[in-house]
Structure formats: structure tokens, C-alpha cells
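We count ligands from 1, going down the list as the structure has it; atoms in each ligand are counted the same way. Atoms considered below: every heavy atom in the structure, side chains included; atoms not considered: hydrogens, waters and symmetry mates.
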Amino acid sequence: MAKEVIRQHLPLMEEEGRAAATDDDAGRDRHYLPDVPDEDPYQAGHRTCAGCGPAIEYRWVLKAAGQDTVVAGPTGCMYVANSTYLCTPYTVPWAHTPIASGGSFTSGMAAGYEALIRKGRHPGPYPNIIVMAGDGSASDIGLGSISGALYRNHDALFICYDNECYANTGIQVSPTTPYASMTTFTPFGKAKPEGTSLPPKNLAKMMAAGHPHCYVATTTVGYPVDLMNKTRKGLNHRGAAFMHCFTPCQKGWVYQTSMTVEIGRRVVEAGLFPVWEYDPADRTYHYFHPPVQRPVTDYLAMQGRFGHMLAEHIATVQQQANRNWETIGMDVPAELRAGEDPEHHKRMREESYSMPLNRGVGA
Ligand SMILES: Cc1ncc(C[n+]2csc(CCOP(=O)(O)OP(=O)(O)O)c2C)c(N)n1
Ligand code: SF4
Ligand SMILES: [Mg+2]
């Protein structure tokens with residue numbers, strides 16, 4: 001007789017800022033992260049660049065998922081830098097897949113575990129099954145295989161770690177590269193002073209609209225508890241889940257290595273990466289409303305990839321941000337509305353912007 005497939009349930013973490021301050025066993029005040037597990041299935045020993053956003057995302061996702069997890073990684077930086085000969089940073093099973101087949105490989109893992117547990121050849125419970133694909137893989141070369149897996153509703157979490165370029169092969173443009181970002185395939189020059197001329201593909205909205213039975217969420221490395229809780233919600237969801245995570249790439253975006261998490265918050269506060277959840281039960285989007293709304297220059301001016309922008313390019317990006325504010329149901333402050341006019345701006349290298357804050361605990 002077929003055995004029952006038992007699912008795990010991962011508890012969500014408290015996210016109450018300063019109010020959640022608590023002492024741990026060693027007497028340290030852990031403030032904002034009271035329930036974060038000590039274990040790290042993604043250990044030290046990888047070879048990503050200092051300040052690598054995808055490495056931060058990998059660590060937090062696997063911290064949230066825990067040891068009973070299997071992971072697939074399509075080709076990209078997080079395959080190459082994490083699987084140097086005879087050395088990997090994983091304490092959980094991990095497999096590399098071709099860049100186009102993260103979705104199909106993960107479908108096979110999910111179907112395989114179901115079959116093995118039913119036949120009594122794996123004791124269970126059903127493991128957390130995760131694939132973490134770059135934006136080149138998830139939004140371009142491997143989009144079809146991930147969409148197929150979501151459509152068939154395999155019980156797994158499909159993650160796009162989005163560094164907005166094909167990083168591993170030398171920072172080439174990808175479908176999620178933002179307007180006016182410079183890549184090695186979209187350099188700025190006389191013909192195209194803006195560099196990348198197209199707006200980015202809205203991958204997460206595509207996934208939610210196209211697969212309405214799936215749990216879909218966006219998050220960034222600027223919000224660790226949000227990222228870990230959405231990981232757990234995606235894994236707890238019975239069926240397929242998709243998470244789109246904004247992960248700055250220090251090498252490709254050209255910024256100070258210590259600013260990765262700060263940039264992960266600023267992109268949200270600048271209105272350029274809305275953070276939301278799509279709940280398949282009521283088929284609605286639940287948007288996060290950041291407490292701070294910034295001009296886009298506070299985000300753009302921190303990164304060398306935007307250093308060539310002219311006033312009209314900055315105005316275009318501010319228009320995009322203002323449309324995002326409206327989409328998520330927030331008012332557009334007068335200063336940001338005025339920023340839609342090129343007259344409001346200078347060249348990027350002459351723009352001033354607010355310096356990074358020491359946000360402190362819970363800020
Ligand atoms: C079919 C195929 N085309 C191209 C490549 C070359 N390639 C290897 S890694 C990579 C970049 C992948 O970009 P992304 O998925 O965004 O991951 P990142 O490197 O940014 O982490 C490319 C194009 C490949 N491995 N397979
Ligand atoms: S190139 Fe970018 S994504 Fe790749 S390891 Fe370096 S910082 Fe990380
Ligand atoms: Mg990428």
C-alpha cells in the first residue's frame with residue numbers, strides 16, 4: 001500500500017523591530033532577529049566576491065529552510081563560485097543543472113521524492129526542495145522550464161536571485177537589467193547615451209499572473225526577516241511557489257562592498273522594486289509600504305553602473321518609480337512628482353544624494 005507523504009511545516013519568525021529585542025543564551029542582545037536559527041547550511045568557504053548579494057540571499061534562504069533541504073543551482077555565479085573543485089559550502093545535498101533546466105530538474109526531484117516516499121523507499125518527511133536560479137536563467141534562458149514546473153504545480157520553491165545581469169560571464173545585459181544601467185553588452189555612448197534602453201521584464205508579476213495557483217513573492221536582501229519568512233511561506237505552501245529576490249552584485253554594479261544590504265533597502269524606498277506577496281487563496285497582491293520614500297537619485301548615485309546618466313534619464317527613472325508608487329497604492333510626494341521633469345536634475349555625477357545612514361537596530 002502507498003505510504004502517506006508527510007509535509008514539514010516551518011514556523012514564521014517575529015518581525016517586530018525593536019520591540020522584539022531579546023537576550024540569547026550567551027547573553028547577547030539579538031534585537032531584530034530573535035528566532036533566527038544558528039545553523040547555516042550555506043557555510044563559509046565559497047568564492048563569491050566580497051559583498052555579493054546572491055551569497056547573502058543563499059545563506060538566509062538556507063538558514064530559513066534548515067537541514068532537511070535539497071537544492072538545485074542552474075549555471076551562473078552561484079554555481080561557479082560555490083563549486084570550486086573539491087570544495088563546496090553546502091551542508092545539504094546540492095546539484096548543478098544546466099542553465100535552461102532548473103525548472104525541469106526540480107520537477108524531477110519533487111516527483112522523485114513523492115514516488116520514493118509513497119513506495120517506502122525514503123523515510124520522509126518530504127524535504128524542502130529549492131532551486132535558486134539567476135535572472136539570466138529564470139527570466140530568459142530557463143524561463144520556459146520554470147514556468148512549466150509552476151504550471152504543473154510541483155511542490156517546490158523556485159527562486160530567482162536577481163543581480164540584474166548575466167554576471168558570471170562578464171556582466172552582460174539580461175531581461176531584468178534596468179533602464180539606463182550600463183553592462184558590457186549595453187555600454188553608454190553617442191548612439192545610446194543611456195546604456196540599456198529597455199525597461200526590465202516584470203518577472204514576478206508575470207509568474208503570478210501566469211500561474212494563479214502559485215504562491216509568489218518579491219523580497220530583497222535589505223529585509224532579512226521578510227526574505228526568510230517568505231522562504232518559509234513558499235516552502236509551507238502545498239504546490240509550487242516562486243520568489244523573486246533582489247540581490248545586488250558588487251562587481252557588476254560598482255559600489256562599496258559594505259553597501260549591499262543598504263542598496264537592498266534603498267531600491268524599495270526609491271520605489272524601484274516593490275515588495276509584495278501574491279496569495280493564491282484570494283488571488284490578491286499584498287504590497288509592503290515602506291516608511292521612507294526617496295528620490296531615485298538616492299539609490300542610483302550609489303552605483304557606478306548609473307554614473308553616465310543624464311538629466312533626462314534620471315527623470316525617466318523617476319517616472320517609472322512614481323508609477324510603481326501608484327500601483328502599490330501610495331501617494332507620490334510633490335518632490336518626487338517634480339523629479340519627472342528633466343529640468344529638476346543634473347548629470348548623475350553632479351547629483352547629490354543622502355549618504356547611507358547607520359540605520360541601527362530595527363530601523
Ligand atoms: C545554454 C547556455 N548559454 C550560455 C551559458 C553561459 N553562461 C554561463 S553562466 C551565465 C550567466 C548566467 O547569468 P544568471 O543566470 O543571471 O546568473 P549570474 O551569473 O548572474 O549569477 C551564462 C550566460 C551556458 N552555461 N549555457
Ligand atoms: S560577480 Fe556579482 S553575483 Fe557574481 S560572485 Fe561577484 S558579486 Fe556575486
Ligand atoms: Mg544574474
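Between Y299 and F246, the ring planes lie tilted relative to each other; the angle falls in the 30° to 60° range. Classification of the H213-Y151 ring pair by plane angle, with boundaries at 30° and 60°, yields perpendicular. The aromatic rings of Y287 and W276 sit perpendicular to each other, their planes meeting at more than 60°, with 30° as the lower class boundary. Ring pair Y285/Y278 is tilted by interplanar angle, where 30° to 60° counts as tilted. Ring orientation note: the planes of F273 and H244 are nearly perpendicular, at an angle over 60° on the 30°/60° scale.
Protein heavy atom nearest atom 15 (O) of ligand 1, with residue, atom name and distance: S137 N, 2.9 Å. Atom 25 (N) of ligand 1 has as its closest protein heavy atom T75 CG2, 3.7 Å. Nearest to atom 4 (C) of ligand 1 among the protein's heavy atoms is I141 CD1, 4.3 Å. At the top of the distance list for atom 11 (C) of ligand 1, counting protein heavy atoms only, stands Y166 CD2, 3.5 Å. Nearest non-hydrogen protein atom to atom 4 (Fe) of ligand 2 is C77 SG, 2.3 Å. From the protein, the heavy atom lying nearest to atom 3 (S) of ligand 2 is N163 ND2, 3.3 Å. In terms of protein heavy-atom proximity, atom 18 (P) of ligand 1 is closest to C77 N, 3.5 Å. The closest protein non-hydrogen atom to atom 24 (C) of ligand 1 is I99 CG2, 3.9 Å. When hydrogens are left out, the protein atom nearest atom 2 (Fe) of ligand 2 is C249 SG, 2.3 Å; that is the closest non-hydrogen contact.
In terms of heavy atoms, V92 sits closest to P41 at CG1-CB, 3.8 Å. Between C165 and T177, the shortest heavy-atom contact is CA-OG1, 4.1 Å.
Counting backbone and side-chain atoms alike, C249 contributes no N/O/S atom closer than 2.8 Å to the Mg ion (ligand 3). Taking backbone and side chain together, C49 holds no N, O or S atom under 2.8 Å from atom 8 (Fe) of ligand 2. Metal site remark for the Mg ion (ligand 3): N163 contributes an N, O or S atom at a distance under 2.8 Å. The Mg ion (ligand 3) does not have D162 among its coordinating residues (no N/O/S atom, backbone or side chain, under 2.8 Å). Metal site remark for atom 2 (Fe) of ligand 2: C52 contributes no N, O or S atom at a distance under 2.8 Å.
Side-chain polar atoms of Y255 and T260 form a donor-acceptor pair below 3.5 angstrom. Checking S104 against S101 by side-chain atom types alone, no donor-acceptor pair falls below 3.5 Å. For the residue pair Q320/N324, the side-chain donor-acceptor check at 3.5 Å is not satisfied. For the residue pair Y166 and D140, a side-chain donor N or O sits within less than 3.5 Å of a side-chain acceptor on the partner.
Counting heavy atoms closer than 4.0 Å to ligand 1, residue D135 contributes atoms from both its backbone and its side chain.
Atom numbering of ligand 2 starts at 1 in the shown order; those under 4.0 Å from a heavy atom of T48 are 5 (S). Numbered from 1 in the order shown, with element, the atoms of ligand 2 that lie under 4.0 Å from a heavy atom of Q250 read 7 (S). Of all atoms in ligand 1, numbered sequentially from 1 with element shown, those under 4.0 Å from a heavy atom of G134 are 14 (P), 15 (O), 16 (O), 17 (O). For ligand 1, the atoms lying closer than 4.0 Å to a non-hydrogen atom of N163 are 18 (P), 20 (O), 21 (O).
Any N or O atom pair closer than 3.5 Å counts here, and G136 shares at least one such pair with ligand 1. Inclusion of Y161 in the set of residues having an N or O under 3.5 Å from an N or O of ligand 1 is warranted. Polar contact with ligand 1: present for A167 (N/O pair, distance under 3.5 Å). Annotation: T169 places no N or O atom under 3.5 Å from an N or O atom of ligand 1; distance criterion only.
For A81, the heavy-atom gap to ligand 2 stays at 4.0 angstrom or more. Ligand 1 has C165 within reach: a non-hydrogen atom of the residue lies less than 4.0 Å from it.
Within D135, the N/O/S atom positioned nearest the Mg ion (ligand 3) carries the name OD1.
In summary, of the residues considered (R7, R121, K3), a salt bridge (charged side-chain N to carboxylate O under 4.0 Å, His left out) with E114 occurs for R7 alone.
Between the side chain of N322 and the main chain of L336, a donor-acceptor pair closer than 3.5 Å is present.
The shortest side-chain heavy-atom distance between R265 and Y223 falls under the 4.5 Å cut-off.
Geometrically, R59 does not engage Y42 in a cation-pi contact, judged by NZ or CZ lying under 6.0 Å from the ring centre and within 45° of the ring axis.
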